[in-house]
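Okay, here's the structure, questions in a sec.
The structure displayed is predicted, hence computed values, not measured ones.
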Amino acid sequence: MNQSQEFTAEQKNYLQGFLSGNDMARTMRGLPPLASLASVLGLPAPNGQMSNGQADNGHSQPVEPLPAGPEAIHHSAQNRVLAEGKKLVPEEVAKRKKFPLDSWDDMQQHSEQGRYPKGTDVLAFKYHGLFYVAPAQDSYMCRLRFHGGIMRSDQMRNLADIADQYAGGYADATTRANLQLREIKAENATPLLIALQDAGICSRGSGADNIRNVTGTPTAGIDPQELIDTRPLSKDMHYYILHHREMYGLPRKFNIAFDGGGTISSVADTNDIGFAAVRVGEDKAVPAGIYFRMALGGITGHGDFARDVGVLLKPEQCVPMAAAVVRVFIDNGDRTDRKKARLKYVLDAWGLERYMAEVQKYLNFEPLRLPLAECEPRGPVTKHAHIGVHPQRQPGLFYVGVVLPVGRMSSTQMRGLAAIAERYGSGTLRLTVWQNLLVSDIPEAKIPAVQEELKKLELGWSATSVRSGLIACTGNTGCRFSASNTKKHALEISDFVESRLQLDQPVNIHLTGCPHSCAQHYIGDIGLLGAKVEVEDDMVEGYHIYVGGGYGEEQSIGREVYRDVIAPDAPLVVERMLQAYKEHRLSEAETFYNFTRRYSVEQLTEMFERQVAPVGAQ
């Protein structure tokens with residue numbers, strides 16, 4: 001090609017992108033790349049080498065050839081970053097050198113030698129659900145997967161045995177309707193994973209830059225109000241992820257939720273992808289029926305809820321739509337800055353319209369569109385319907401929502417819950433995003449016996465106790481990011497407050513140890529964010545305190561009312577907040593959320609301060 005026939009820079013960029021995309025598709029089908037065509041055109045080959053074998057001077061570092069597997073799409077995305085002269089973060093470099101799902105031999109060797117991982121191996125092991133949590137604990141935590149939060153009684157019983165044999169003898173419920181085991185020694189890592197597999201329990205992809213546990217309405221299939229049973233969708237999404245290798249190694253972690261319109265919310269609007277069931281009535285621009293709306297970009301730890309994209313999806317279109325959304329994120333998520341690598345930041349840069357235009361390229365159908373206002377309003381969410389005794393849609397059957405104090409249950413309690421589910425129900429246990437579980441399918445006549453069995457296990461079911469509304473992250477006893485011992489302080493708050501007042505309305509109190517906000521403090525009625533507080537020459541555990549957070553119809557980010565409250569004073573602060581609420585609410589029916597929304601932060605703090613002596617006073 002002579003000089004007058006050379007491509008312009010714009011043409012070269014377009015053709016190089018075209019070749020990279022083609023090579024990605026060809027590689028995934030087992031075909032060779034089009035490097036020869038790149039050579040003919042005088043372009044850098046898609047693998048980052050010039051046709052003469054020399055590295056392209058426009059690249060910041062040499063680029064390896066694309067792998068043969070589906071994970072090639074991640075390499076292609078990384079290649080585009082390098083082609084722009086940018087630098088990949090160390091985590092991306094590590095994923096590039098060795099796909100983390102291929103770490104079994106390394107993990108086995110570490111177990112046999114009684115060693116914990118170092119460096120980027122820590123990230124790789126998370127792909128199998130193993131988190132090395134030093135320095136908080138010199139041990140592993142293992143996070144599991146239960147699609148839609150549904151688990152069988154035999155799984156719970158087996159998990160209790162595994163917790164006793166290989167972990168700390170307990171399990172923690174999470175805010176993704178999931179469980180995790182802690183205090184796992186180095187030599188027990190792969191034996192534990194094998195035992196989980198033998199029990200029919202999965203941990204693959206539950207950590208690191210992957211799609212986390214797929215959540216759904218916890219009362220799916222039994223809720224009198226629900227529009228649709230989300231269990232099949234949660235299950236289909238779960239297995240799609242497990243069996244598509246390219247769904248691992250994203251720019252950052254990713255959350256997906258399905259909400260069927262029942263009385264208990266799955267807080268879908270706090271997820272990267274939230275599917276919410278809606279009913280479309282007659283005489284609209286689309287056929288009447290039950291659809292799902294999709295919202296994108298929820299991440300309340302960064303102060304944002306998911307935004308509705310305007311589409312209506314048939315149930316069978318949800319999983320392919322989710323896969324397409326993830327693929328666009330794979331292509332365009334930030335791989336140079338971990339703090340800006342979530343989906344939200346692509347949406348902020350592009351806008352929803354551009355993002356959905358790219359999503360459409362991965363779909364073989366055109367979704368219907370209808371304004372949200374044209375859909376029928378969702379049925380009401382009943383706060384704390386996840387606690388207590390409630391009727392099911394099946395006549396004569398009930399579910400019991402069990403309080404798990406700060407989400408923790410001992411192996412003895414786990415076996416007891418499995419026995420209750422088998423003896424009085426259908427053997428089904430349902431985890432919720434509120435760090436508790438439901439025992440379903442209980443005949444009305446057997447409710448008293450179930451309550452008696454729960455008493456023997458020292459577990460409750462009252463929705464009006466402070467304890468029932470507590471959510472706490474792992475805290476600094478098990479997480480290196482946490483500034484405070486959240487589980488310990490949550491129990492101190494509940495013990496103190498319950499000894500001084502009785503709630504007649506449910507109140508959610510969320511304690512999270514760091515800005516990652518695993519306990520979603522921003523959407524609690526009262527949210528506490530762990531902080532180090534300076535007291536004379538020391539830095540001690542404490543909290544910033546927020547009020548008025550909500551989700552769904554009450555969607556709101558909590559407002560800060562107190563800063564740098566030391567942990568010993570937190571129970572007193574929460575107690576006076578609740579006393580002020582009871583004294584100044586419009587009626588007994590007014591919720592804490594509605595009460596706080598009527599006042600400014602200054603008015604609220606003035607009311608709170610009038611209840612008792614100042615914080616720290618003796």
Side-chain angles (χ1 to χ4, degrees), residues 71 94-95 98-134 136-147 149-174 176-214 235 238-245 247-249 253 409 411 414-415 418 429 431 474 478-479:
E71 66 271 23
K95 290 187 285 186
K98 182 176 182 178
F99 198 57
L101 285 182
D102 300 331
S103 300
W104 180 259
D105 290 346
D106 291 341
M107 293 193 303
Q108 185 82 327
Q109 186 179 62
H110 277 73
S111 279
E112 291 171 353
Q113 298 174 354
R115 292 190 295 117
Y116 291 109
K118 295 180 180 179
T120 53
D121 281 344
V122 174
L123 177 76
F125 286 19
K126 290 179 183 178
Y127 278 62
H128 298 263
L130 286 175
F131 293 66
Y132 181 43
V133 295
Q137 287 178 346
D138 193 29
S139 62
Y140 288 111
M141 176 270 283
C142 184
R143 184 179 295 148
L144 312 176
R145 298 187 81 107
F146 297 99
H147 52 80
I150 307 293
M151 66 183 304
R152 303 187 309 270
S153 56
D154 65 285
Q155 291 176 314
M156 181 68 89
R157 183 178 293 104
N158 287 331
L159 193 60
D161 293 342
I162 292 168
D164 281 340
Q165 184 173 0
Y166 298 115
Y170 61 90
D172 285 339
T174 78
R176 290 211 62 77
N178 200 2
L179 294 175
Q180 49 195 35
L181 303 179
R182 292 190 167 272
E183 300 182 42
I184 303 161
K185 297 303 180 186
E187 60 270 20
N188 290 334
T190 53
L192 177 137
L193 293 179
I194 292 169
L196 290 172
Q197 291 279 339
D198 286 345
I201 299 172
C202 177
S203 63
R204 182 183 176 98
S206 60
D209 302 332
N210 300 306
I211 304 171
R212 304 300 177 82
N213 194 47
V214 179
K235 184 176 182 179
H238 170 84
Y239 282 106
Y240 184 94
I241 295 164
L242 290 185
H243 296 292
H244 281 76
R245 191 173 166 90
M247 291 287 107
Y248 297 83
K253 73 174 184 178
M409 51 186 163
S411 58
M414 294 163 71
R415 293 187 188 93
L429 297 155
L431 299 162
T474 297
C479 176

Checklist entry - For Gly478 and Ala136, which heavy atoms make the closest approach, and how far apart are they? => result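 So the two residues come closest at C-CB, 3.6 Å.
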
Item to check | Side-chain heavy atoms of Leu181 within contact of Leu159, under 4.5 Å | outcome: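 The answer is yes, as the side chains (C-beta and beyond) meet within the 4.5 Å cut-off.
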
Item to check | Separation of Gln137 CD from Thr474 OG1 (nearest 0.5 Å) | outcome: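 Rounded to the nearest 0.5 Å, the OG1-CD separation comes out at 8.5 Å.
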
Checklist entry - Residues two or more places apart in sequence or in another chain: which of them pass side chain to side chain donor-acceptor pair (under 3.5 Å) with Asp154? => result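 Asp154: side chain to side chain donor-acceptor pair (under 3.5 Å) contacts with Arg152.
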
Checklist entry - Hey, what do you get for CD (Gln108) to OG (Ser103), rounding to the nearest 0.5 Å? => result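 Rounded to the nearest 0.5 Å, the CD-OG separation comes out at 13.0 Å.
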
Checklist entry - Which pairs pass side-chain hydrogen bond (donor to acceptor under 3.5 Å, both in side chains) with one or both residues in residues 156-166, sequence neighbours excluded? => result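 Matches after skipping sequence neighbours: Arg157-Glu422, Asp161-Arg415, Asp164-Ser411, Asp164-Arg415.
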
Checklist entry - So, the side chain of Arg143 versus the backbone of Leu179: is there a donor-acceptor pair under 3.5 Å, distance only? => result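 Side chain of Arg143 to backbone of Leu179: no pair is present.
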
Item to check | Nearest heavy-atom neighbours spanning Leu192 and Ala167 | outcome: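 Smallest interatomic distance, heavy atoms only, reads CD1-CB, 4.5 Å.
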
Next on the checklist: Please evaluate residues His147 and Tyr239 with respect to the criterion side chain to side chain contact (heavy atoms under 4.5 Å, CB included), reporting the C-alpha separation (whole Å), side-chain torsions for both, the decisive distance (0.1 Å), and the verdict.
Outcome noted: CA-CA 9 Å; His147 52 80; Tyr239 282 106; 4.2 Å; yes

Item to check | Test log, rule side chain to side chain contact (heavy atoms under 4.5 Å, CB included), inputs Ser206 and Leu144 | outcome: CA-CA 6 Å; Ser206 60; Leu144 312 176; over 6 Å; no

Next on the checklist: Check for me whether the distance between the ring centres of Phe146 and His238 falls short of 6.0 Å.
Outcome noted: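 Here the rings of His238 and Phe146 have centres that are no less than 6.0 Å from each other.
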
Next on the checklist: Per the salt bridge (Lys or Arg N to Asp or Glu O under 4.0 Å) rule, what does the pair list look like for residues 197-206, sequence neighbours excluded?
Outcome noted: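 For residues 197-206, and leaving out neighbouring residues, there are no salt bridge (Lys or Arg N to Asp or Glu O under 4.0 Å) pairs at all.
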
Item to check | Minimum heavy-atom distance Leu242-Cys202, with the two atoms named | outcome: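 Result for this residue pair: CD2-SG, 3.8 Å.
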
Next on the checklist: Can you pull out every salt bridge (Lys or Arg N to Asp or Glu O under 4.0 Å) where at least one residue sits in residues 178-188? Sequence neighbours excluded, please.
Outcome noted: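 Every salt bridge (Lys or Arg N to Asp or Glu O under 4.0 Å) pair that includes a residue of residues 178-188, provided the two are not neighbours, is Asp172-Arg182.
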
Checklist entry - Gln180 versus Phe131: any side-chain heavy-atom pair under 4.5 Å? => result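 The answer is no, as the side chains (C-beta and beyond) never meet within the 4.5 Å cut-off.
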
Next on the checklist: For Ile241, is there any backbone N or O sitting under 3.5 Å from a side-chain donor or acceptor partner on Tyr248?
Outcome noted: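 Here the side-chain-to-backbone pair exists.
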
Next on the checklist: Would the distance check show the side chain of Ser111 and the main-chain N or O of Thr190 forming a donor-acceptor pair, the cut-off being under 3.5 Å?
Outcome noted: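 Present.
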
Checklist entry - Looking at OH of Tyr127 and OG of Ser203, how far apart are the two atoms once the value is rounded to the nearest 0.5 Å? => result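 Atom-to-atom, Tyr127:OH and Ser203:OG are 14.5 Å apart.
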
Next on the checklist: Could you measure the distance from the CD1 atom of Ile162 to the CD atom of Gln155? Nearest 0.5 Å is fine.
Outcome noted: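 Going from CD1 on Ile162 over to CD on Gln155, the span is 10.0 Å.
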
Checklist entry - Quick one: CE on Met141 to SG on Cys479, what's the gap to the nearest 0.5 Å? => result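 Met141 CE to Cys479 SG: 8.0 Å, rounded to 0.5 Å.
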
Item to check | Exam field: side chain Arg176 to backbone Asn213, donor-acceptor pair closer than 3.5 Å | outcome: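 Yes, because the side chain of Arg176 sits within donor-acceptor range (under 3.5 Å) of the backbone of Asn213.
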
Item to check | Derivation and outcome, side chain to side chain contact (heavy atoms under 4.5 Å, CB included), residues Asp102 and Arg245 | outcome: CA-CA 11 Å; Asp102 300 331; Arg245 191 173 166 90; 2.6 Å; yes

Item to check | Asn210 side-chain N/O to Lys253 backbone N/O, donor-acceptor pair under 3.5 Å | outcome: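 No; judged by distance alone, with no hydrogens or angles, the pair does not exist.
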
Item to check | Tyr132 OH to Leu123 CG distance, which is reported to the nearest 0.5 Å | outcome: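 Answer for the OH-CG pair, Tyr132 versus Leu123, is 15.5 Å.
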
Next on the checklist: Is it the case that the ring center of Tyr140 lies less than 6.0 angstrom away from the ring center of Tyr116?
Outcome noted: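 Tyr116 vs Tyr140: aromatic centres under 6.0 Å.
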
Next on the checklist: Among residues at least two apart in sequence or on other chains, which ones pass salt bridge (charged side-chain N to carboxylate O under 4.0 Å, His left out) with Lys95?
Outcome noted: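 Testing Lys95 for salt bridge (charged side-chain N to carboxylate O under 4.0 Å, His left out), a comparison that skips the adjacent residues, returns Glu92, Asp209.
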
Checklist entry - Restricting to pairs with a member in residues 111-120, which pass salt bridge (Lys or Arg N to Asp or Glu O under 4.0 Å), not counting sequence neighbours? => result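 Found none.
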
Checklist entry - Which heavy atom of Leu130 sits nearest a heavy atom of Ala189, and at what distance? => result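 Shortest heavy-atom contact: CD1-CB, 3.7 Å.
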
